[in-house]
2 protein chains.
Amino acid sequence: MRADTAAIRRFNRTVTRRLGVLNEKYLGRDRPLVESRMLFEIGSSGATVRELRERLGLDSGYASRLLRALERKGLAATSGSAGEDGRVKHVRLTRSGHAELRRIDALSDDLAQSMLEPLTREQAARLVAAMTEVERLLRASGIEMTPVDPYGPNAQWCLGRYFEELASRFPEGYDRGADVAAGLDEFRPPEGCLLLASLFGESVGCGALRVLTPRMGEIKRLWVSPQVRGLGVGRRLLETLEQAARERKLRCVRLDTHESLAEARQLYRTSGYREIARFNANPYAHHWFEKILE
Amino acid sequence: MRADTAAIRRFNRTVTRRLGVLNEKYLGRDRPLVESRMLFEIGSSGATVRELRERLGLDSGYASRLLRALERKGLAATSGSAGEDGRVKHVRLTRSGHAELRRIDALSDDLAQSMLEPLTREQAARLVAAMTEVERLLRASGIEMTPVDPYGPNAQWCLGRYFEELASRFPEGYDRGADVAAGLDEFRPPEGCLLLASLFGESVGCGALRVLTPRMGEIKRLWVSPQVRGLGVGRRLLETLEQAARERKLRCVRLDTHESLAEARQLYRTSGYREIARFNANPYAHHWFEKILE
DNA sequence: CGCATTTCCTGACTGTAGTCAGGTATTTCT
DNA sequence: AGAAATACCTGACTACAGTCAGGAAATGCG
């Protein structure tokens, strides 16, 4: 473990210095770096102020001021009420804003190329491969699990995606009404729990626990965004929910799943769950599992 | 190549965000980040102000002010003339400075661990391996080749290391006096050229070109610091020197090498040099090479 | 409807990072 | 010895990044 730590610290040091220098040199030419990032985040299709604030992690006042700066320079335009919610403002790039974005894009490409240029063909290939791996695993390790209120907007968004996915993957379709065995209230503390997995502020997965009997819990709504599949998020959600169950003094947790969700079944099997007989009336379930918590 | 660029940009984005957040959280707790880096660079054995300025890439005024700040906080002490050069000041950590450095060290370790902690054992191992590779290759790609004055301090330092290495590797030893066939003046533009390879401002290699006849050049003093061997620095130096020879309208370049420098001979062979008969009276040479420049 | 909340905005403020122009010792070059 | 260069310092300044308090408009809830 000691050697790992040293390797990571060396990585941290080298990469921070190298990327810092390059970012300044290429992207911070005659514009504050945040402004470049803001332009990038607005993107060619525009965005709401709220989205920008969240993605960039900015204070609302600061974000507003940055947008005003971009407006003054004629790069972006905020249109008032876009029909839906009159408070939410939409930002789009102007014509010259688009040009500027393309310029930033080209510079980013140059930056990337400048990293490869001094290397041999073989070294370049190895660097790209290693970077891809680091990026993937760093995303995995940056994902945080936090208990949230089931009625909050992020939770609602995740659950929405979850139901959408069921609808698209079940051959027979999915009707949310037929499965409201568990109401949202059941996922609220202190009895239940709804976990959100998020990466840089963006929700990328969820999972819920509710209490069936004083000794038994049920895990439901386990979903992982397609963007981050294969990174072990599902397993971490599951383990964290089991931990929540232990804290609630539950002796075992149960869950059910649909025939067509093979990877979920695989996850449960390799996580210490054993298949049991039907324990509920869920019309969409074909397999039932249970795990005894130590 | 397009795909490579995209991968690098994703890497850049993810890593900058992740390390930025972590660095702030762990190292910038109640102290400006530069101050932490300064403490780290002073280290347990102290350093001169000049070294600190170079390693951190700071303006001299700024560096001075940071040191004053550390002094005020009782973390560092600058001692005036240390015997040698009265202008150069030496900085050392005080007792509480050492304690603070240990604290920062521990935090850096925590930071490293926090990146591994959410991952499975296997993922962690892969992340460390990939990071090691990225760090290595990023160092390689960050190395810059610049022509310098042979009498400058960095050039002198590199040449010194070069001669030291010869002395330690030649079984018969090495006497600099016996080999001053090439005086430093011959490496000055516009005829000759001395290249320095540097990484983040630190010199890590050198190589020189001098003109033998109007059509023929000679490459000398090719040296690569042990820290960066295996990264292709020698080959890049060689190629850059050949380019310099081409710009001087030379038709071929020659060089000689000692029996005991096997890796150098290997480099020359794989770079298009062919072995020729003795062309000089260098008592330390056993092999002579030539390359025709197109 | 009235009140709380949300979304965005503005103004005032702080801290960090860094530059630039000069100034004083000390050393090196000639 | 005198001039030029070097190493460090000081003071004044700028840009960038970000926080905090509060306010106006729109929306949601009871």
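In what follows, every chain begins at residue 1, and chains take the letters A, B, ... in the order their sequences are listed. The basis for the numbers below is simple: all heavy atoms, side chains too, and nothing from hydrogens, waters or symmetry mates. Nothing here was measured: the structure is a model prediction, and the numbers come from that model.
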Participant: Which whole-number value in Å describes the distance from B:L67 CG to D:dT10 C1'?
Facilitator: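 My rounded result for the distance is 14 Å.
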
Participant: Please state how far atom CZ in A:R37 lies from atom C1' in D:dC16, giving the value in whole angstrom units.
Facilitator: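 To the nearest whole Å, that distance equals 12 Å.
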
Participant: In whole angstrom, give the distance that lies between atom CD of A:E54 and atom C1' of C:dC8.
Facilitator: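 Going from A:E54 (CD) to C:dC8 (C1'), I get 14 Å.
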
Participant: With a 4.0 Å cutoff (strictly under), does any side-chain N or O of A:R87 reach OP1 or OP2 of C:dT6?
Facilitator: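 Answer is no, no contact under 4.0 Å.
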
Participant: Where the side chain of B:D85 is defined as all heavy atoms beyond and including C-beta, which of D:dC9, D:dA17, C:dT27 is the nearest nucleotide?
Facilitator: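 Among D:dC9, D:dA17, C:dT27, the one nearest the side chain of B:D85 is C:dT27.
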
Participant: Ignoring the backbone of B:V49, work out which of D:dA17, C:dA17, D:dC9 is nearest its side chain.
Facilitator: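 In terms of side-chain proximity for B:V49, the closest of D:dA17, C:dA17, D:dC9 is D:dC9.
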
Participant: Which distance, rounded to the nearest 0.5 Å, do you find between the CG of A:L116 and the OG of B:S141?
Facilitator: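 Reported to 0.5 Å precision, the distance equals 7.5 Å.
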
Participant: Hey, is the side chain of B:S60 pairing donor to acceptor with the base of D:dC9 inside 3.5 Å?
Facilitator: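 Yes, a donor-acceptor pair under 3.5 Å.
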
Participant: With no hydrogens and no angle check, just 3.5 Å: does a side-chain donor-acceptor pair link B:N12 and B:T16?
Facilitator: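 Yes, because at least one side-chain N or O of B:N12 sits under 3.5 Å from a partner of the opposite role on B:T16.
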
Participant: Among C:dT26, D:dG18, C:dT7, find the nucleotide with the atom closest to the side chain of A:V88.
Facilitator: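 When the side chain of A:V88 is considered, C:dT7 is the closest of C:dT26, D:dG18, C:dT7.
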
Participant: When the distance from CG of B:D59 to P of D:dA12 is rounded to whole Å, what number comes out?
Facilitator: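 Rounded to the whole Å, the gap is 16 Å.
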
Participant: If you only use heavy atoms from C-beta on, which nucleotide in D:dT19, C:dT19, C:dA17 is closest to the side chain of B:L33?
Facilitator: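 Nearest listed nucleotide: C:dA17.
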
Participant: I'd like to know whether A:D185 forms a salt bridge (Lys or Arg N to Asp or Glu O under 4.0 Å) with A:R210, so could you lay out the CA-CA distance, the side-chain angles of the two residues, the decisive distance to 0.1 Å, and finally the verdict.
Facilitator: CA-CA 9 Å; A:D185 284 325; A:R210 67 165 171 162; over 6 Å; no

Participant: Grab the OH-C1' distance between A:Y62 and C:dT16 for me, whole Å please.
Facilitator: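 Value for this atom pair: 12 Å.
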
Participant: To the nearest angstrom, how far is B:M38 atom CE from C:dT16 atom P?
Facilitator: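 Rounded to whole Å, this separation is 15 Å.
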
Participant: Out of D:dA12, D:dC8, D:dC9, which nucleotide sits closest to the side chain of B:R65?
Facilitator: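 Of D:dA12, D:dC8, D:dC9, D:dA12 is nearest to the side chain of B:R65.
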
Participant: Starting at CG of B:L52, measure out to NE2 of B:H90 and round the result to the nearest 0.5 Å.
Facilitator: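 NE2 of B:H90 is found 9.0 Å from CG of B:L52.
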
Participant: In whole angstroms, how far is the P atom of C:dT19 from the CG atom of B:L56?
Facilitator: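 It is 13 Å, rounded to the nearest whole Å.
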
Participant: Given D:dT6, is OP1 or OP2 found less than 4.0 Å from the side-chain N or O atoms of B:R50?
Facilitator: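 For D:dT6, OP1/OP2 do not have a side-chain N/O of B:R50 under 4.0 Å.
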
Participant: I want to verify a distance call: between C:dC9, D:dC16, C:dA17, whose nearest atom is closest to the A:S64 side chain?
Facilitator: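 From the listed options, C:dC9 comes nearest.
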
Participant: Using whole Å, report how far OH of A:Y151 lies from P of D:dG28.
Facilitator: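 So the two atoms are 18 Å apart, to the nearest Å.
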
Participant: Starting from the 5' end of DNA chain C, give me the residue, B:L58 or A:E51, whose nearest nucleotide shows up first.
Facilitator: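 Looking at the nearest nucleotide for each, A:E51 comes out on the 5' side.
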
Participant: Compare the minimum distances between each of C:dC9, D:dT27, D:dC8 and the side chain of B:K89, then state the nucleotide with the smallest one.
Facilitator: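 Given the options C:dC9, D:dT27, D:dC8, the side chain of B:K89 is closest to D:dC8.
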
Participant: Is the closest basic N to carboxylate O distance between A:R53 and A:D59 below 4.0 Å?
Facilitator: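 Salt bridge flag = no for A:D59 with A:R53.
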
Participant: If you only use heavy atoms from C-beta on, which nucleotide in C:dT7, C:dT26, D:dC9 is closest to the side chain of A:R53?
Facilitator: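 The answer is C:dT7.
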
